[in-house]
Amino acid sequence: MIHLDKFIRDIPNFPKEGIRFKDITPLLKDPRAVKEALTQLLELLGNHTIDKVVGIESRGFFFGMLIAQELGAGFVPMRKPGKLPYTTFSEKYELEYGFDALEIHEDAIANGERVLLHDDVLATGGTAKVACNLIEKLGGEIVQCNFLMELSFLNGIEKLQGYEVKSVLKY
Ligand SMILES: O=P(O)(O)OC[C@H]1O[C@H](OP(=O)(O)OP(=O)(O)O)[C@H](O)[C@@H]1O
Ligand SMILES: Nc1ncnc2[nH]cnc12
């Protein structure tokens, strides 16, 4: 039996004083832990059918791509500003330790496609909310937002009211 929480390392005061950073690199370097995490993420999805998996840069790419392959769905990167080469839709947001923006290619999702949004961490929810806004701007239907972990004390789930939100681990 693999306990995934044993593969997540707490780093105090990173990237700023007062932030307790959840480091997933110990999990990523262990193939059995990666397999178990992927299995559990897929279990969260149940029988939903998915056309596109959107992964948020950068840590949402690791499992987002694996989930998409398992589902036989397409993978769409949601990126930080200035990284995507084609025409983008963009939106700014605030996160636990600063400000940023996200972008998506305007042709990444077709109208009415069923979308799974994936990221490693749900913290304040600012990132995921903006990602949902951009997916819906393109006409995507958000079937589920799933995360490797949720920092429940930051109440990110409140920003995602109206969406199905699931996490493998809760802190
Ligand atoms: O719920 P929120 O408060 O918005 O925070 C969650 C986001 O913060 C982290 O990403 P970060 O911006 O640090 O980028 P990275 O994945 O490239 O490390 C994490 O991977 C989520 O995307
Ligand atoms: N405390 C935290 N650890 C890891 N990723 C995060 N993203 C936002 N807050 C985070």
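For clarity, every value in this text was computed on a predicted model and none was experimentally measured. Note that ligands are numbered from 1 as they come in the structure, with each ligand's atoms numbered from 1 the same way.
To the nearest 0.5 angstrom, Glu36 atom CD is 10.0 Å from Leu41 atom CG. Atom CD of Glu158 sits about 12.0 Å away from atom OG1 of Thr124, to the nearest 0.5 Å.
Of the heavy atoms in Asp120, only side-chain atoms (C-beta onward) come closer than 4.0 Å to ligand 1. Contact annotation: for Asp119 versus ligand 1, heavy atoms closer than 4.0 Å belong to the side chain alone. Contact annotation: for Asp23 versus ligand 2, there are no heavy atoms closer than 4.0 Å. With a heavy-atom cut-off of 4.0 Å, Glu57 touches ligand 1 through its backbone alone.
Where the criterion is an N or O separation shorter than 3.5 Å, residue side chain and backbone included, Asp100 fails it with respect to ligand 1. Checked against a 3.5 angstrom limit, the closest N/O atoms of Ala123 and ligand 1 fall inside it.
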For residues 160-171, run the donor-acceptor check on the side chains, cut-off 3.5 Å, and write out each pair with its distance to 0.1 Å, sequence neighbours left out.
from   : atom 1 : to     : atom 2 : distance (Å)
Tyr163 : OH     : Glu136 : OE1    : 3.0
Tyr163 : OH     : Glu136 : OE2    : 3.0
Glu164 : OE1    : His48  : NE2    : 3.4
Glu164 : OE2    : His48  : NE2    : 3.4
Glu164 : OE2    : Gln144 : NE2    : 2.6
Ser167 : OG     : Glu150 : OE1    : 2.8

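The closest side-chain donor-acceptor pair between Lys129 and Asn133 falls under 3.5 angstrom.
At least one heavy atom of Gly125 sits under 4.0 Å from some atom of ligand 1. Under the 4.0 angstrom criterion for non-hydrogen atoms, Lys80 is in contact with ligand 1. Heavy-atom separations between Val121 and ligand 1 include at least one value shorter than 4.0 Å.
Side chain of His118 to backbone of Gly55: no donor-acceptor contact under 3.5 angstrom is found. Judged purely by atom type and a 3.5 angstrom limit, Gln40 has no side-chain atom pairing as donor or acceptor with the backbone of Ala37. A donor-acceptor contact shorter than 3.5 Å is absent between the side chain of Arg79 and the backbone of Leu84.
Under a 4.0 Å N-O distance rule, the pair Arg20/Asp10 qualifies as a salt bridge. Contact check on Lys80 versus Glu57 returns no salt bridge, with no Lys/Arg side-chain nitrogen under 4.0 Å from an Asp/Glu carboxylate oxygen.
Atoms of ligand 2 lying under 4.0 Å from any heavy atom of Ala123, numbered from 1 in the order shown and given with element: 8 (C), 9 (N). Heavy-atom proximity to Arg59, at under 4.0 Å, picks out these atoms of ligand 2: 4 (C), 5 (N). Interface atoms of ligand 1 facing Thr124, defined by a heavy-atom separation under 4.0 Å, are 1 (O), 2 (P), 3 (O), 4 (O). Of all atoms in ligand 1, listed by their number and element, those nearer than 4.0 Å to a heavy atom of Thr127 are 2 (P), 4 (O), 5 (O), 6 (C), 7 (C), 22 (O).
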